[in-house]
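Letters A, B, ... are given to chains in the order of the sequence lines, protein chains preceding strands, and every chain is numbered from 1. Since we're looking at a predicted model, the values are computed, not measured. Note: hydrogens, waters and symmetry copies are ignored here, and every other heavy atom, side chains too, is used.
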There are 2 protein chains.
Amino acid sequence: MIIMSKNITIGEIARLAGVSKTTVSRVLSGKTNLVKDETLEIILKVIKEQNYKPSIIARSLRTKKTKLIGLILADIENPFYSRVAKGVLDEAENLNYTVIISNSNYSITLEKKLLETFINRQVEGLLLTTMNLDESMVQTLQRAGIPFILIDIKTGMESVNYVTNDNYYGGKLAAEYFMQKGHKNIGYLGCEKLNSLEERKLGFKKALQQNGINHEYEARLKEITNVSGIFNDIKALIRDKKITAFFAGNDYIAIQVLNFVTNELKLKVPEDLSLIGYDNISISAAARVPLTTIMQPKYSMGKIALEQLMQLIKNNHIGGTTKIVFKPELIERDSVKKLN
Amino acid sequence: MIIMSKNITIGEIARLAGVSKTTVSRVLSGKTNLVKDETLEIILKVIKEQNYKPSIIARSLRTKKTKLIGLILADIENPFYSRVAKGVLDEAENLNYTVIISNSNYSITLEKKLLETFINRQVEGLLLTTMNLDESMVQTLQRAGIPFILIDIKTGMESVNYVTNDNYYGGKLAAEYFMQKGHKNIGYLGCEKLNSLEERKLGFKKALQQNGINHEYEARLKEITNVSGIFNDIKALIRDKKITAFFAGNDYIAIQVLNFVTNELKLKVPEDLSLIGYDNISISAAARVPLTTIMQPKYSMGKIALEQLMQLIKNNHIGGTTKIVFKPELIERDSVKKLN
DNA sequence: GTGAAAGCGCTAACAT
DNA sequence: ATGTTAGCGCTTTCAC
């Protein structure tokens, strides 16, 4: 059984302190130079006694500032996204902002719906990680006057802000490393729905091509969440094309492939098959075979994305756009063999 | 440059439709039986034309219902918590609730602060995963009239609700499995600050004791995030006590220990050392050595915790308490050796 | 079936 | 240095 204490409001505090609501409000918002010291003290005392906390809702309604930002994660369970989220969350805590998080499950349809909800909740800004925005979504956001930044996604649209890494360059890094280790029959595993992965593929294939290596070996996930859908393709590529190395669009894919080839195909990595991933998620170092991968600064990306978003909010998102691109690095571990 | 369309409100819709705000409001809240069909149609048309979305803030202020629930995660990056979070998020989406997430980083101090924020935001309910609540926090919550449910934590306090698994039983499972595989010198690795881990330890040690096996071998993390702090202790236990098997309080610890003993001590798991974890986080199957572990239903726990919370909210959290305890199961993989 | 009026808890002009 | 007043956008009596 709960004893609900009557909701204590600013009016009640004012009454108890013998002043007007305005004066209390001034104290609340730190405009204490406008309040006599004595009065201040009394008010502070009453606030403390009553354990009064102003209603953020009422304040939001009045000021149009909700101190709320929205974060849409493609998949909160993928350590890449949860690491980014941690960066966002920690920074939000510093800035005294609260974060609404939703999981889009890589679905644009769901993301659109979530976007609506966030707009209705009057978030001051949005951080987005799901695939590509279409023009209608950008318009919706702009009409609502809500600034937003894409994380790990780029777009052609000039006015759209993003924080990402140089995926094209990262793909190139992977290709060069394979070639340096003597690999010639190299395949790519990815999903066309994620444009960050597509960029990685482009850089990867371009580097192969420039060195006269066949760049057409590829298996495509129909759904990013369904890695097992390409297991047969992988098997065929290894058998028919004598593939010795795969570049996976991200570590999540790489690790599942690693398990598949080990358990089902009875191949040893890297002895029989080499593998490079992307993202350097926390589990990659602890994988069955420690995974060589391309690292991007996930935590920083989350943190910086929020910092930039705050700038946009502060400036009423007029003026320059935010386009931040980190340089990825190859992390050498044990999943690539040196061929003779 | 953004063109801010004037904020369109219920009054504007009413004016455009030639009716009162009340009538529009009735349409908004689905009380369409109180509205003439013709009128309904007109209003719907105007709403659509104007792309009008009611302000959730204003509605919240008026109704005292925010449709917001708060989720405090001890560590969003630990796959255990992010899997639980996914269960919560998916269910919230079904129920049309929005979720505020914060990361307490296992800090009770920070959690207290976050709790205040959430209360001020008038969340309708709270889901908590950080360690133990103290009485003052429980009181704060009860005074604010906000129902809450603990996930993966139990407490002695009679009135406190939780959704967890039977950690004591899980610990017992691990001990029995080790004994069945012929191990006699068995150690435990955990952290006293997390009471779910303490329960696991208790069940584990009790089972050993009942079989006449020394149950005092143990290394304790000072901070749950700092696994490397016990590496020396582990080394000493193996050397001095001839430990052949460790039960780690969770998979996160187990996997870092797995890496340490492999890389630094040059021991082979399970040939030289056996390991059991807890939680069955997604990476455990993909670890360097697929990890034998105790599984608890993380996604369901998140989902069910929210379902139960909704019941409490609906019933004004009067009446019976929610105490749900899942039965954990041992998942057999490759990290335990059979001794002769 | 519909509308007028009040009010949720706060802040921001505008006095004084 | 402080108070009066109005109003943010909605829902909810209550009246017709």
Looking at [X], does any N or O in its side chain come under 4.0 Å of the phosphate oxygens OP1/OP2 on [N]?
X     : N      : result
B:T23 : C:dT2  : no
A:K31 : C:dT11 : no
A:Y52 : C:dG9  : no
A:K64 : D:dG9  : yes
A:S20 : D:dG3  : yes
A:T22 : D:dT2  : no
A:S55 : C:dG9  : no
B:T9  : D:dG9  : no

Assess whether a salt bridge exists between A:E41 and A:K45, defined as any Lys/Arg side-chain N lying under 4.0 Å from an Asp/Glu carboxylate O.
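No, no charged N to carboxylate O under 4.0 Å.
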
N-O pairing of B:E12 and B:R15 below 4.0 Å
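B:R15 and B:E12: salt-bridged.
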
Checking contacts here: which listed nucleotide ([options]) is nearest the side-chain heavy atoms of [X]?
X     : options               : answer
B:A58 : C:dT2, C:dG9, D:dG9   : D:dG9
B:R62 : C:dC8, C:dT2, C:dT11  : C:dC8
B:R26 : C:dT11, D:dT11, C:dG3 : C:dG3
A:L28 : C:dA13, D:dG9, C:dT11 : C:dT11
B:K36 : C:dT2, C:dA13, C:dC10 : C:dT2

[N] [atom2] sits how many Å from [X] [atom1], rounded?
X      : N      : atom1 : atom2 : result
A:R121 : D:dG9  : CZ    : P     : 17 Å
B:E12  : D:dC10 : CD    : P     : 11 Å
B:Q50  : D:dG9  : CD    : P     : 15 Å
A:L61  : D:dT11 : CG    : P     : 12 Å
A:I10  : D:dA6  : CD1   : P     : 18 Å
B:N120 : C:dG9  : CG    : C1'   : 13 Å
B:L34  : D:dC16 : CG    : C1'   : 15 Å
B:Q122 : C:dC8  : CD    : C1'   : 10 Å

Which sits closer to the 5' end of DNA chain C, A:K53 or B:G18, going by the nucleotide each is nearest to?
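Looking at DNA chain C, the more 5' nearest nucleotide goes with B:G18.
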
On DNA chain D, does the nearest nucleotide to A:L40 precede the nearest nucleotide to A:K21 from the 5' side, or the other way round? Give the residue.
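Counting from the 5' end, the first nearest nucleotide belongs to A:L40.
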
Hey, is [atom1] on [X] packed in by over 12 heavy atoms from elsewhere, all under 6.0 Å?
X     : atom1 : answer
B:E49 : CD    : yes
A:E38 : CD    : no
A:N33 : CG    : yes

Could you tell me whether [X] contacts a base, only the sugar-phosphate backbone, or nothing, with contacts defined as non-hydrogen atoms closer than 4.0 Å?
X     : result
B:T39 : sugar-phosphate
B:D37 : nothing
B:S60 : nothing

Which one of A:T321, A:L150, A:L309, A:L128 satisfies the side chain to side chain contact (heavy atoms under 4.5 Å, CB included) criterion with A:N161?
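Passing option: A:T321.
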
